[in-house]
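To keep things clear, I will list the structure first and then write my remarks on it.
Only this structure's heavy atoms are used, side chains among them; waters, hydrogens and symmetry mates stay out. Being a predicted model, the structure only gives us computed values, none of them experimental. Below, read A as the first sequence line, B as the second, and so on, with proteins coming before strands; counting in each chain starts at 1.
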There are 4 protein chains.
Amino acid sequence: MTTPSKNSSERRAHLVQLAGDLFAEKGFRATTVRNIAEAAGILSGSLYHHFDSKESIGDEILSAFLDDVLAGYRSAVASTDDPRKAIEEIVRSSTATLSRHRAALTMLQNDWSYFSAQPRFGYLRTAMKEIEQTWVEQLERGKQTGVFRADLDARLVYRLLRDILWIPTSWRPSKGAGWSTDEIVDGLLRLLFDGITA
Amino acid sequence: MTTPSKNSSERRAHLVQLAGDLFAEKGFRATTVRNIAEAAGILSGSLYHHFDSKESIGDEILSAFLDDVLAGYRSAVASTDDPRKAIEEIVRSSTATLSRHRAALTMLQNDWSYFSAQPRFGYLRTAMKEIEQTWVEQLERGKQTGVFRADLDARLVYRLLRDILWIPTSWRPSKGAGWSTDEIVDGLLRLLFDGITA
Amino acid sequence: MTTPSKNSSERRAHLVQLAGDLFAEKGFRATTVRNIAEAAGILSGSLYHHFDSKESIGDEILSAFLDDVLAGYRSAVASTDDPRKAIEEIVRSSTATLSRHRAALTMLQNDWSYFSAQPRFGYLRTAMKEIEQTWVEQLERGKQTGVFRADLDARLVYRLLRDILWIPTSWRPSKGAGWSTDEIVDGLLRLLFDGITA
Amino acid sequence: MTTPSKNSSERRAHLVQLAGDLFAEKGFRATTVRNIAEAAGILSGSLYHHFDSKESIGDEILSAFLDDVLAGYRSAVASTDDPRKAIEEIVRSSTATLSRHRAALTMLQNDWSYFSAQPRFGYLRTAMKEIEQTWVEQLERGKQTGVFRADLDARLVYRLLRDILWIPTSWRPSKGAGWSTDEIVDGLLRLLFDGITA
DNA sequence: GATGAATGAGTCTTCATTCAT
DNA sequence: AATGAATGAAGACTCATTCAT
């Protein structure tokens, strides 16, 4: 388990990991290829043995993230008929997913205008649309069945909730008094369902 | 035509405004000096008659923002003894402030790692500390007086609330089905105080 | 006449000239942007104040050349009804044109595969087609009117003649025993019309 | 399977062949070692088991070509006393040689400045000198014996004829309405000896 | 105040080459 | 013989900044 065949793909995955950490820390554009190479202890040109461009590294990170998110959303929706449970499931799956893809989220938040302008990253818009649809559908159904307040603006609530959900991911792990993912989620869900008032 | 010195400072303010819009749109680092100059209809070199560096433009935008925020926080706290009212006031003042400083906030979110690493922008950390202290103080007082739930983790709630509060600012005005600032704040406050359940 | 307003466009033209000389000497691809900049006594990055890419310099040189060639061909054809005179006129105009565009021709010969593969240089193919058509038309008409041998393969002769015509341009001016353009053309025309035999 | 050493040299010859095709197509410098390796179905590093550098492949191609050309010239001159026959023989031998060494000729035409500047390829200049001498000698003898026009500039005619002779080699085989080598040579010789006029 | 030319450091990327396995 | 990882030098291009006019 410790020293198996360190394949090409493992090396590659390691490099993606390193790159992701840097992207999460300073943003995609602000991270130079040299930064990544230095983190890996090689020269910048050597990265091109593994990837054909900086963007293809970004691509790998982003598409893996969105695949994961969408999978979670789909299975959340498929698992129940109760909108409230579906939302809860979406939140829980998001949290798990997000902690695995901190880099991707930071990239999306920081460099959205950069990525979304490129045809290569067209799937970003597609995926975001599916995410929005999923939320809005569950919220609307909840309104109809009386689980949620009838006066909610589903799209507005979606935007707020989605962004709220994505907040903790961007918190640096270095932040001294760190909270565990679970603590954060609990705090969040409590806030969402119950508010802060006693 | 009337007062040359005023014209000069107006011109300058206009340039800062233009720069800010671009910073908000694409981030500070991703915006080039040429972008700003083009928006102003001049050549990039000419900007240096008004500012001695790109960073000094950023400085102007960021410090104006933080001055405004802190002023709002201080007067919110000074205006009442009731922690809940103080928090409400902080939220309301934040919203007003933020809509006036969209660029600054985007810069802080996008390029925080860049700015915070530079001595020149040391005041950013100082200001953020005061902001945190203000929130935490009011939350703790609310817990003691029983207005807020006793089990709240003040710092965690602060981080969540502050970031939640800052979310809508980053929403592009171009977003088709746009909401007014008031709608967003109402939605937000309702979410915070009451949750989404019926 | 000696020191007029050294406009921006003159500077630019001078740089194109320098670049062209280098392209003619070593080919387009083999010439680096640094080579050009050094020839101009500036740094390579400074070239981008005048051109937005190396290719745009090439574009300028190539399109100017083809415009010139086609103009010559068109006026040659328009000037007479006699195919032999038309061909003669084409040859003479070519020679004049070619001596003014040595760089362009070398680029076309050396790096044709590079340019012709790019959409940006699509006009190259278009222009070459018009050139071929012009030759073939005159040759065919000459065959019909009996001025040229009836057994000529017009396209083959065109290819041979065009390439023959373009040969001397690629001769380096440095070649010690240089011939004047006129000498070369005379030798060429004589060869073409009369052969080498006594 | 039978004779490993032969297999080895066959493999090597095959690689040279592949490289030559690419050189002929895009030029020596524009062809990357990776291009060659890919054509051979191996990785670029593996080529270095067969050759110690890209240049040594070029060397192999160029020297084989020049050896062949010179052999042809020498035997052409040795075979007759009649300058016209000698020239004819040179033309015929060239044609045969050239069709076997398309790559070499393209390399010479495209990247002459690159090769001729390197000591390693010093033999290129030596060989070209012998080629020139051979032509000039036969032309001068023809002038003296009255076979050729007395007013020919031997060196000029040599340059023209040599380059003319080399033209068809650079024509891509892909050119739709392709002509056979024989057709081309016939067209050429006819042009040279008789001109195009009826 | 603005222009236009230039700088110099840095960005992503390419490529011939090396070498341990 | 070949692979796969790496090197190091170079290439095209970008950008904040400077400065004479």
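No side-chain heavy atom of B:F28 sits under 4.5 Å from any side-chain heavy atom of B:T106. A 4.5 Å side-chain heavy-atom check between B:S113 and A:E25 finds every atom pair outside the cut-off.
Residue B:R12 places its CZ atom among more than 12 non-hydrogen atoms of other residues, nucleotides or ligands, all under 6.0 Å distant.
For the atom pair OG of C:S9 and NE2 of C:H14, the computed distance is 13.0 Å after rounding to the nearest 0.5 Å.
Note: NZ (B:K26) to C1' (F:dT14) measures 13 Å, nearest angstrom. Whole-Å rounding puts the B:Y114 OH to F:dC15 P distance at 14 Å. Nucleotide E:dA16 holds its P atom 14 Å from the CD atom of D:Q118, rounded to whole Å. Atom C1' of nucleotide F:dA12 and atom CG of C:L22 are separated by 16 Å, given to the nearest angstrom. Distance CD (C:E38) to C1' (F:dG11): 13 Å, rounded to an integer number of Å. What separates CZ of D:R12 from P of F:dA2 is a distance of 13 Å, to the nearest Å. Counting to the nearest Å, the C1' atom of E:dC12 and the CG atom of A:N35 are 12 Å from each other. Atom NE2 in A:H14 sits roughly 15 Å away from atom C1' in F:dA6 (whole-Å rounding).
In the set E:dA2, F:dG11, F:dA16, E:dA2 carries the atom at the smallest distance from any side-chain atom of B:H50.
A sub-4.0 Å separation between OP1 or OP2 of E:dA2 and a side-chain N or O of B:H49 is absent. Of the side-chain N and O atoms in A:Y48, none sit less than 4.0 angstrom from OP1 or OP2 of E:dT14. Between F:dA6 and A:R11, a contact under 4.0 Å exists linking OP1 or OP2 to a side-chain N or O.
When the nearest nucleotides of DNA chain E are assigned to A:F28 and C:L15 by heavy-atom distance, the more 5′-ward of the two goes with C:L15. Each of B:R29 and C:R34 has a nearest nucleotide on DNA chain F; the 5'-most of these lies closest to C:R34.
In this pair, A:F65 and A:H101 present their aromatic rings tilted. The plane angle is within the 30 to 60° band.
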Using a cutoff of under 3.5 Å, can you pull out all pairs of nitrogen or oxygen atoms linking the protein to nucleotides 7-9 of chain E, with atom names and distances?
| from | atom 1 | to | atom 2 | distance (Å) |
| --- | --- | --- | --- | --- |
| E:dT7 | OP2 | C:L43 | N | 2.8 |
| E:dT7 | OP2 | C:S46 | OG | 3.1 |

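D:T31 places a side-chain N or O within 3.5 Å of a backbone atom of D:L22 that can act as its donor or acceptor partner. A distance-only check finds no donor-acceptor pair linking the side chain of B:S46 to the backbone of B:I42 [under 3.5 Å]. Remark: side-chain polar atoms of D:R29 are not paired, donor with acceptor, to backbone N or O of D:D111 under 3.5 angstrom.
Considering all non-hydrogen atoms of both residues, B:L62 and B:Y123 come closest at CB-OH, 3.7 Å.
Annotation: A:Y114 is not in aromatic contact with A:F121 [ring centroid separation under 6.0 Å not met].
The stretch residues 52-65 of chain D has no heavy atom under 4.0 angstrom from DNA chain F at all.
In the model, A:D59 has no side-chain atom that pairs as donor or acceptor with a side-chain atom of A:S56 under 3.5 Å. No side-chain N or O of A:K26 forms a donor-acceptor pair with one of A:N110 less than 3.5 Å apart.
Five base pairs at each end of the helix from E:dA2-F:dT21 to E:dT21-F:dA2 define two local axes, and these are offset by 10° (rounded to 10°).
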